Amino acid sequence: MAEVWSDQEIDHIVADYFAMLTDELAGQPINKAARNRALQAVIDRSKGSIEFKHQNISAVLLGLGQPWIEGYKPAANFQNALVDGVLRWLEARPEWLAPDMLTEAALDAPDARGSLRIGPPPTVRNEPSPIDPAFMAAIGRKYDVAERDARNRALGKAGEECVLHHERRHLYAAGRDDLADKVRWTSVQDGDGFGFDIRSFETDGREKLIEVKTTNGWERTPFHISRNELAVADTRREEWCLMRLWNFARAPSAFTLRPPLSDHAQLTATSFLAELN
């Protein structure tokens, strides 16, 4: 049974956790022992109890599609009030992890930001999950993590921008400057509704239509895909692909899914949800 903490205690430890996480994401060293001792004096909990609660917070953030402190391995078995406490902190700080956008002038630079680590989808790899994926998926559905990411337009545009630069750099590196110069940020330059965000090219000149989905969370964070996107994926199977960006705030990584999306049934429960409105 999860240890019961008061809302005041939860608010104290959640604030402490986010202070450490902010430093870690900025590349600053963290003195966990000193922070633990200081927190003990405030909330009168043991060292072990505080450490385990920090691990609980990591699990909550994992489920909510947020980055977490790498030194605190996610641990389940936490009270619902802890999720509420984390959400209180996040909702009071909408600027948390707001991505910086490049200027329009930087979009044409061959060496602009756009470094991505692209690997296989999570179901293809044999790496163990940090915590039960089904449990994390349940949290994602209950608190509608996909909808929260979808509403975060700044995050979405930053992810698209990253893919835009990645595609241009890839084509420049392949000696296809002619194609790199034609890569288009469709969702920004032409508007939404096309069923993809980036119009790029393969190195042999074939068209490549990329729908980008971005999260600060782990690779199995759920996301929405619209009816229109599904329709375009079906009619343009040879050209269309979905690029899923994850861990965006720390070290952007990605994997690609190609139609038919029904072939990725193992991912459906944990990594993408069809938006049916």
Side-chain angles (χ1 to χ4, degrees), residues 2 4-28 30 32 35 39 42-43 50-101 130-131 133 135-159 162 213-224 244-253 270-273 275:
V4 177
W5 286 42
S6 69
D7 285 350
Q8 185 177 26
E9 289 175 316
I10 287 172
D11 287 342
H12 276 302
I13 197 165
V14 166
D16 180 70
Y17 186 102
F18 274 105
M20 289 190 288
L21 178 57
T22 300
D23 285 344
E24 181 175 277
L25 291 174
Q28 301 298 320
I30 304 171
K32 295 176 183 175
R35 297 197 72 100
L39 202 54
V42 174
I43 62 176
I50 289 172
E51 286 184 350
F52 189 70
K53 191 61 71 174
H54 278 141
Q55 289 182 262
N56 288 156
I57 295 172
S58 290
V60 171
L61 290 173
L62 193 64
L64 292 177
Q66 297 288 330
W68 45 279
I69 297 173
E70 294 183 337
Y72 286 123
K73 183 180 178 180
N77 191 29
F78 48 78
Q79 62 188 109
N80 289 334
L82 185 61
V83 182
D84 295 336
V86 171
L87 289 174
R88 276 197 302 275
W89 194 96
L90 289 171
E91 288 167 0
R93 297 162 182 82
E95 77 286 353
W96 166 246
L97 293 185
D100 294 327
M101 301 294 289
I131 203 166
F135 179 72
M136 289 295 98
I139 293 179
R141 288 192 297 270
K142 181 177 180 180
Y143 295 97
D144 207 350
V145 173
E147 178 61 22
R148 293 170 66 90
D149 273 349
R151 288 199 308 264
N152 191 339
R153 294 187 179 277
L155 176 64
K157 286 191 178 297
C162 187
K213 303 292 184 182
T214 307
T215 184
N216 285 318
W218 70 322
E219 57 194 336
R220 292 178 182 269
T221 301
F223 59 86
H224 282 316
R244 177 54 161 163
L245 273 62
W246 55 281
N247 200 24
F248 192 74
R250 192 191 302 270
S253 300
T270 56
S271 292
F272 77 85
L273 304 173
E275 183 184 58

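For clarity, every value in this text was computed on a predicted model and none was experimentally measured.
Counting heavy atoms from C-beta on, the side chains of Pro67 and Leu97 come closer than 4.5 Å. Between Trp5 and Ile13, some side-chain heavy-atom pair lies under the 4.5 Å cut-off.
The main-chain N or O of Ala249 is found under 3.5 Å from a side-chain atom of Asn216 such that the two form a donor-acceptor pair. Checked by atom type and distance alone, the side chain of Glu24 never pairs as donor or acceptor with a backbone atom of Ile30 at under 3.5 Å. Within the 3.5 Å criterion, the main-chain N or O of Ile69 finds a donor-acceptor partner in the side chain of Tyr17. Using modelled atom types, no side-chain atom of Thr215 and backbone atom of Lys213 make a donor-acceptor pair closer than 3.5 Å. With hydrogens and angles ignored, the 3.5 Å screen pairs no side-chain donor or acceptor of Gln66 with any backbone N or O of Gly217. A donor-acceptor pair under 3.5 Å is formed between the side chain of Ser58 and the backbone N or O of Tyr72. At distances below 3.5 Å, at least one donor-acceptor pair connects side-chain atoms of Asn56 with backbone N or O atoms of Ala75.
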*Verdict with reasoning, Phe248 to Cys162, per side-chain contact (heavy atoms from CB on, under 4.5 Å)*: CA-CA 10 Å; Phe248 192 74; Cys162 187; 4.0 Å; yes
_Show, in sequence, the C-alpha distance, side-chain angles and deciding distance for Lys32 and His54, and conclude whether the side-chain contact (heavy atoms from CB on, under 4.5 Å) test is met._
CA-CA 11 Å; Lys32 295 176 183 175; His54 278 141; over 6 Å; no
*I would like to know whether Asn247 and Glu219 meet side-chain contact (heavy atoms from CB on, under 4.5 Å); could you show each step before the answer?*
CA-CA 7 Å; Asn247 200 24; Glu219 57 194 336; over 6 Å; no
*Would you please test Glu9 and Lys53 for salt bridge (charged side-chain N to carboxylate O under 4.0 Å, His left out) and show each step?*
CA-CA 11 Å; Glu9 289 175 316; Lys53 191 61 71 174; over 6 Å; no
*Under the side-chain contact (heavy atoms from CB on, under 4.5 Å) rule, what do Phe78 and Val60 come out as? Steps first, then yes or no, please.*
CA-CA 9 Å; Phe78 48 78; Val60 171; 3.7 Å; yes
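Atom CE of Met20 and atom OG1 of Thr22 lie 10.5 Å apart (nearest 0.5 Å). Note that CH2 of Trp96 is 6.0 Å distant from CZ of Phe18, once rounded to the nearest 0.5 Å. Atom CG of Leu21 and atom CG of Asp16 lie 11.5 Å apart (nearest 0.5 Å). In this structure, the separation between OG1 on Thr214 and CZ on Phe223 is 10.0 Å, given to the nearest 0.5 Å.
Take Glu51 and apply the salt bridge (Lys or Arg N to Asp or Glu O under 4.0 Å) test, not counting sequence neighbours, and it matches no residue. With sequence neighbours left out, the side-chain contact (heavy atoms from CB on, under 4.5 Å) criterion links Ala19 to Arg35.
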Side-chain donor-acceptor contacts of residues 83-94 below 3.5 Å, not counting sequence neighbours, with atom names and distances?
| residue | atom | partner | partner atom | Å |
| --- | --- | --- | --- | --- |
| Arg88 | NE | Asp11 | OD1 | 3.3 |
| Arg88 | NH2 | Asp11 | OD1 | 2.8 |
| Arg93 | NH1 | Trp89 | O | 3.1 |

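Of all non-hydrogen atoms in Ala76 and Phe52, the two that sit nearest each other are O-CZ, 3.9 Å. Gly159 and Leu245 get closest at one heavy-atom pair: O-CD2, 3.6 Å.
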